[in-house]
Q: 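Pasting a structure below so you can have a look.
Whatever order the structure lists them in is the order used to number ligands and atoms, beginning at 1.
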Amino acid sequence: MSSLKDAVTTTDFSAYYKHLARGKVRELYEIDASTLLFVATDRVSAYDVVLDNGIPDKGALLTTLSAFWFSTLTSRIPSLKTHFISLDMPAKLVGTNLAPIAEGRSMQVRRLKVVPIESIVRGYITGSAWSEYKKSGTVHGIKVQEGLQESQAFDKPVWTPSTKAEQGEHDENISPQEAANIVGQDIADKIERLSLELYMAGRDYAAERGIIIADTKFEFGLDVSTSPPAVILIDEALTPDSSRFWPSSKYEVGRSQESLDKQPLRDWLVTNGLKGKDGVAMPEDVVRSTRQGYVRAWEMLTGKGWA
Ligand code: ATP
Ligand code: MG
């Protein structure tokens, strides 16, 4: 088997652009007052902890898949506004030795005021929603239909926001009312409507390509230069980091599903008692099988081959 190229787990473009923030996966740099360089590294987190080593190509897979979705979603929902500007190499990095590191994984985006909730849409019941439903018949405090089995589709997708936790903290599931208390009723209503519309457009597209999007998370920003402020889709969209992708061919209600995302990594962490621990490095077979899921999702959704 060919050996994997090295993962890029950190970037330093600060000689050219001011470094603004570091998330679990991304590094944000300032291009100018209204533009960010949004860089996805190959870092991977599971159970809110970042692993010591990365998944080669993961950053580029996430960036190019998001760009693909921004364009696909905009063509299906013409009123949609996203933060995407371009995948072009920012001017100061062109021709430098940092260009190959930035290539593919970087996106120029509009710098916006981030709405401080995670806008989750669930089409199928699984994960923390399934745990809650088994106990109380609710999902994020919302009463939903009775008699659902694990992994079953809801009659209608549900909007289940969560808080956007600071680094190292866990996001908490909240009710739509609590979301409205945080961001205001008007913004909450707009985000709910738009998130459901985006989810359904993505779900229908993915279904034609053999993938069930069980659930996903969107983030939004506000363009405060207009009145009222425009709600804009930011961050990443419909990637294996922000969604659960199930191969339709293996789907069966009443059990957990195979998922094209970090599942091999999560399984390995749990089996080895490493869930939530710091300072963990993945062995090569875990890196390889996790990468494989990301590549498969990318290829099925875009209809193209990854190198
Ligand atoms: P978080 O818990 O804050 O989401 P994360 O670990 O998921 O962190 P990353 O994906 O690594 O974060 O970093 C991306 C960060 O950039 C997120 O905090 C996200 O809210 C923010 N962000 C995304 N798009 C924009 C934008 N257009 N303008 C400003 N900030 C943005
Ligand atoms: Mg993120």
Side-chain angles (χ1 to χ4, degrees), residues 7-13 17-51 54-55 58-67 69-70 73-74 80-87 90 102 105-120 161-174 179 182-183 187 191 194-195 198 215-226 229-244 261-262 265 276 278 294:
V8 173
T9 54
T10 187
T11 62
D12 184 5
F13 304 150
Y17 296 106
K18 184 177 167 197
H19 186 247
L20 296 177
R22 176 189 175 103
K24 289 191 283 291
V25 171
R26 294 184 172 74
E27 310 276 353
L28 275 61
Y29 296 87
E30 178 180 77
I31 294 180
D32 59 44
S34 57
T35 317
L36 295 178
L37 182 62
F38 195 59
V39 184
T41 68
D42 295 334
R43 292 196 292 268
V44 60
S45 72
Y47 304 110
D48 286 335
V49 178
V50 178
L51 281 291
I55 309 283
K58 177 173 174 284
L61 285 157
L62 296 181
T63 296
T64 52
L65 187 58
S66 289
W69 276 119
F70 287 141
L73 291 168
T74 308
L80 176 69
K81 292 194 176 73
T82 81
H83 71 161
F84 180 79
I85 298 174
S86 82
L87 292 174
R105 70 180 69 252
S106 308
M107 191 185 272
Q108 298 189 38
V109 303
R110 290 179 64 193
R111 182 180 191 172
L112 295 158
K113 187 170 159 23
V114 178
V115 178
I117 57 170
E118 314 244 310
S119 187
I120 300 165
S162 77
T163 59
K164 213 170 128 47
E166 297 296 317
Q167 188 105 39
E169 308 276 307
H170 298 278
D171 294 339
E172 266 179 60
N173 291 351
I174 53 176
I182 298 171
V183 304
I187 299 288
I191 285 181
L194 184 52
S195 298
L198 288 167
D215 52 35
T216 195
K217 178 202 82 171
F218 298 110
E219 288 193 41
F220 294 93
L222 294 181
D223 178 359
V224 290
S225 69
T226 62
V231 172
I232 296 175
L233 178 63
I234 63 167
D235 205 57
E236 59 183 333
L238 298 172
T239 71
D241 269 9
S242 64
S243 325
R244 282 192 179 86
D261 53 27
K262 302 170 194 169
L265 168 57
D278 283 317
Y294 279 71

Q: Any N or O on Arg111 sitting closer than 3.5 Å to an N or O of ligand 1?
A: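 No; every N/O pair is 3.5 Å or more apart.
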Q: Not counting sequence neighbours, which residues clear side chain to side chain donor-acceptor pair (under 3.5 Å) with Ser225? List them please.
A: Asp223
Q: Write down the atom of Ile191, the atom of Ser119, and the distance for their closest heavy-atom approach.
A: CG2-OG, 3.4 Å
Q: Is the Phe38 ring parallel, tilted or perpendicular to the His83 ring (thresholds 30°, 60°)?
A: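 Rings of Phe38 and His83: perpendicular, over 60°.
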Q: So is Lys217 polar-close to ligand 1, meaning N/O to N/O under 3.5 Å?
A: no
Q: Give the numbers and elements of all ligand 1 atoms closer than 4.0 Å to a heavy atom of Phe38.
A: 14 (C), 16 (O), 22 (N), 23 (C), 24 (N)
Q: As an exercise, identify every atom of ligand 1 less than 4.0 angstrom from a heavy atom of Glu219.
A: 4 (O), 19 (C), 20 (O)
Q: Identify, by atom number and element, the atoms of ligand 1 in contact range of Val114, meaning under 4.0 Å from any of its heavy atoms.
A: 20 (O), 29 (C), 30 (N), 31 (C)
Q: Out of Thr63, Thr41, Thr64, Asp42, which one pairs with Arg105 under the side-chain hydrogen bond (donor to acceptor under 3.5 Å, both in side chains) rule?
A: Asp42
Q: So which heavy atom in the protein is nearest atom 1 (P) of ligand 1, and how far is it from that ligand atom?
A: Lys164 NZ, 3.5 Å
Q: Give the single entry among Leu233, Leu20, Leu112, Asp235 that approaches atom 28 (N) of ligand 1 most closely by any heavy atom.
A: Leu112
Q: Name the closest protein heavy atom to atom 10 (O) of ligand 1, giving the residue it belongs to and the distance to 0.1 Å.
A: Arg26 NH1, 2.9 Å
Q: If you take the nearest heavy atom of each of Val25, Ile234, Thr41, which one is closest to atom 25 (C) of ligand 1?
A: Ile234
Q: Taking the side chain as everything from C-beta on, heavy atoms only, tell me whether Ser66 gets closer than 4.5 Å to Phe84.
A: no
Q: What protein heavy atom sits nearest atom 8 (O) of ligand 1, and how far away is it?
A: Lys24 NZ, 4.2 Å
